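First up is the structure itself, then whatever we jot down about it.
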Amino acid sequence: MAMVNQYVPGREGDLDPRDIELIRRRQKLLGPAYRLFYEQPLHIVRGEGVWLYDRDGKAYLDVYNNVASVGHCHPHVVEALSKQAAVLNTHTRYLHETIVDYAEKLLAKFPPALQHVMFTCTGSEANDLAIRIARSYTRGKGVIVTKLAYHGLTIAISELSPSLGDYVERGEHVRLVPAPDTYRIEGDVGAAFAAGVKQAIADMQAKGIQPCALLVDGIFSSDGVFPGEPGFLKEAVAAIRAAGGIFIADEVQPGFARVGPQWWGFARHDLVPDMVTIGKPMGNGHPIAAAIMQPHIVAEFGAKSRYFNTFGGNPVSCAVGRAVLEVIEAEGLAENAGKVGAYMLDGLNKLAQKHEIIGDVRGAGLFLGLEFVKDRKTKEPLAVAATHVVNDLRRRRVLISATGPGANVLKIRPPLVFTQEHADIFLDAMEKAVASFKG
Ligand code: PMP
């Protein structure tokens with residue numbers, strides 16, 4: 001896999017000497033596995049709404065962070081957190097009104113069949129729990145994910161996260177299927193995606209592996225951002241269910257109105273998943289995540305195995321989660337994501353008309369992808385253009401990143417409080433950044 005938006009140690013350029021020293025200490029203390037964004041790493045000290053500030057007070061437009069989804073340090077969320085933290089923080093083994101109240105409000109955002117929520121602290125934990133429960137329900141082990149999926153970092157889930165690289169072991173029960181590449185697949189994307197899933201199922205069965213689950217990120221973020229036409233996932237979901245497996249919608253990326261006006265990625269496909277996992281924007285930066293499921297899926301698991309997660313679903317986390325829901329509702333952020341997302345898509349499409357190297361522009365709500373190619377006919381990825389634009393925008397104080405197997409897809413994913421005025425700042429900077437690429 002090509003390298004995506006990374007600082008290369010030793011290439012400091014004209015970085016502030018204080019930051020060079022901080023990088024040195026960080027590397028010494030955190031070890032070799034961490035990565036920093038950008039050729040010139042960014043040192044930010046404060047956030048507010050869609051803006052991030054460095055220590056000199058310079059403002060950067062955040063067009064990337066989907067965790068601080070209702071805006072950095074939203075006062076309503078901060079207040080809910082500090083109020084509850086000042087009163088009590090325990091865990092789910094005591095009765096607490098806020099835990100139940102939040103569960104009720106959260107589940108009300110899902111189709112009625114999804115009736116239980118089990119709280120965790122991270123998306124990885126939510127997926128790990130979902131797979132454990134899926135194994136217990138289906139008695140199967142075989143899991144299907146896309147070729148460059150990312151679902152998390154535990155041993156079980158890193159095996160299902162090929163975007164971590166080939167170094168990470170994959171286990172004989174895992175099958176990778178091609179992503180629904182709407183730019184390259186000619187014809188019916190849903191049928192092509194389902195064909196991959198059916199082949200994976202047949203291959204498992206031939207080796208005596210019972211299918212357990214199809215686990216997909218509804219926006220195919222690490223595969224290169226492929227929202228696709230609403231409904232295209234249906235055929236693949238029907239295939240896994242027909243084989244005795246279940247459909248787990250990983251909503252860590254598309255969830256909580258990112259693909260607005262819909263609240264969930266699966267809602268775009270008119271599907272009701274057997275299980276859903278959520279995280280990232282759920283706490284606007286506070287670590288809270290969850291697995292949500294239909295009751296029959298967890299009935300036996302619950303009877304035979306207890307579930308306790310020390311921090312998952314604690315009263316502070318639940319107060320925060322509830323405040324996030326309130327902000328999305330009160331500020332109409334799902335509608336805003338639809339409206340401003342469409343405006344940005346339109347602006348990027350206009351830019352594509354002027355630049356041959358922009359092969360494709362795609363998106364749902366406020367999750368957009370823009371693909372650079374060497375040639376519109378061959379569609380060969382042009383990673384250097386993505387690297388140039390990401391770093392040029394950073395110099396213009398606009399933050400995005402890149403993704404995809406060819407590292408050539410811009411990942412554009414601002415907080416949901418992004419307005420048309422912010423979009424104009426972004427589009428203007430994009431125009432200059434793309435024009436400054438000299439191949
Ligand atoms: N699923 C998806 C689709 C993700 O993008 C991520 C995080 N990038 C995760 C799961 C894992 O979440 P976490 O980092 O909170 O463990």
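Both ligands and their constituent atoms are indexed starting at 1 by order of listing. A quick note: this is a predicted structure, and the numbers were derived from the prediction, not measured.
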Salt bridge check, D392 against R396: does any charged N sit closer than 4.0 Å to a carboxylate O?
yes

Examine the proximity of ligand 1 to L153 and report which part, side chain or backbone, both or neither, has a heavy atom under 4.0 Å away.
neither

In terms of side-chain heavy atoms, does N309 have a donor or acceptor partner in Y307 at a distance below 3.5 Å?
yes

Any heavy-atom pair between the side chains of R241 and F247 that's under 4.5 Å?
yes

Taking the six-membered ring for Trp and the full ring for Phe, Tyr or His, determine whether the centres of Y102 and F119 are under 6.0 Å apart.
yes

Starting from atom 13 (P) of ligand 1, which protein heavy atom do you reach first, and at what distance in Å?
G123 N, 3.5 Å

Nearest non-hydrogen protein atom, atom 4 (C) of ligand 1
V252 CG1, 3.7 Å

For atom 1 (N) of ligand 1, what's the nearest protein heavy-atom neighbour? Residue, atom name and distance, please.
D250 OD2, 2.7 Å

Min side-chain heavy-atom separation R258-L366 under 4.5 Å
yes

Has E48 got a side-chain atom pairing as donor or acceptor with L52's backbone, closer than 3.5 angstrom?
no

How far is atom 14 (O) of ligand 1 from its nearest protein heavy atom, and which residue and atom is that?
S124 OG, 4.3 Å

Considering the heavy atoms of N127, write down every atom of ligand 1 situated less than 4.0 Å from one of them.
1 (N), 10 (C)

Region of K280 that comes within reach of ligand 1 [heavy atoms, distance under 4.0 Å]
side chain

Could you check whether E329 pairs with K105 (Lys NZ or Arg NE/NH1/NH2 to Asp/Glu carboxylate O, under 4.0 Å)?
no

With heavy atoms and a 4.0 Å threshold, my read on which part of T122 contacts ligand 1 is both

For atom 10 (C) of ligand 1, what's the nearest protein heavy-atom neighbour? Residue, atom name and distance, please.
H151 O, 3.2 Å

Give yes or no for whether the N/O distance cutoff of 3.5 Å, strictly under, is met between Q253 and ligand 1.
yes

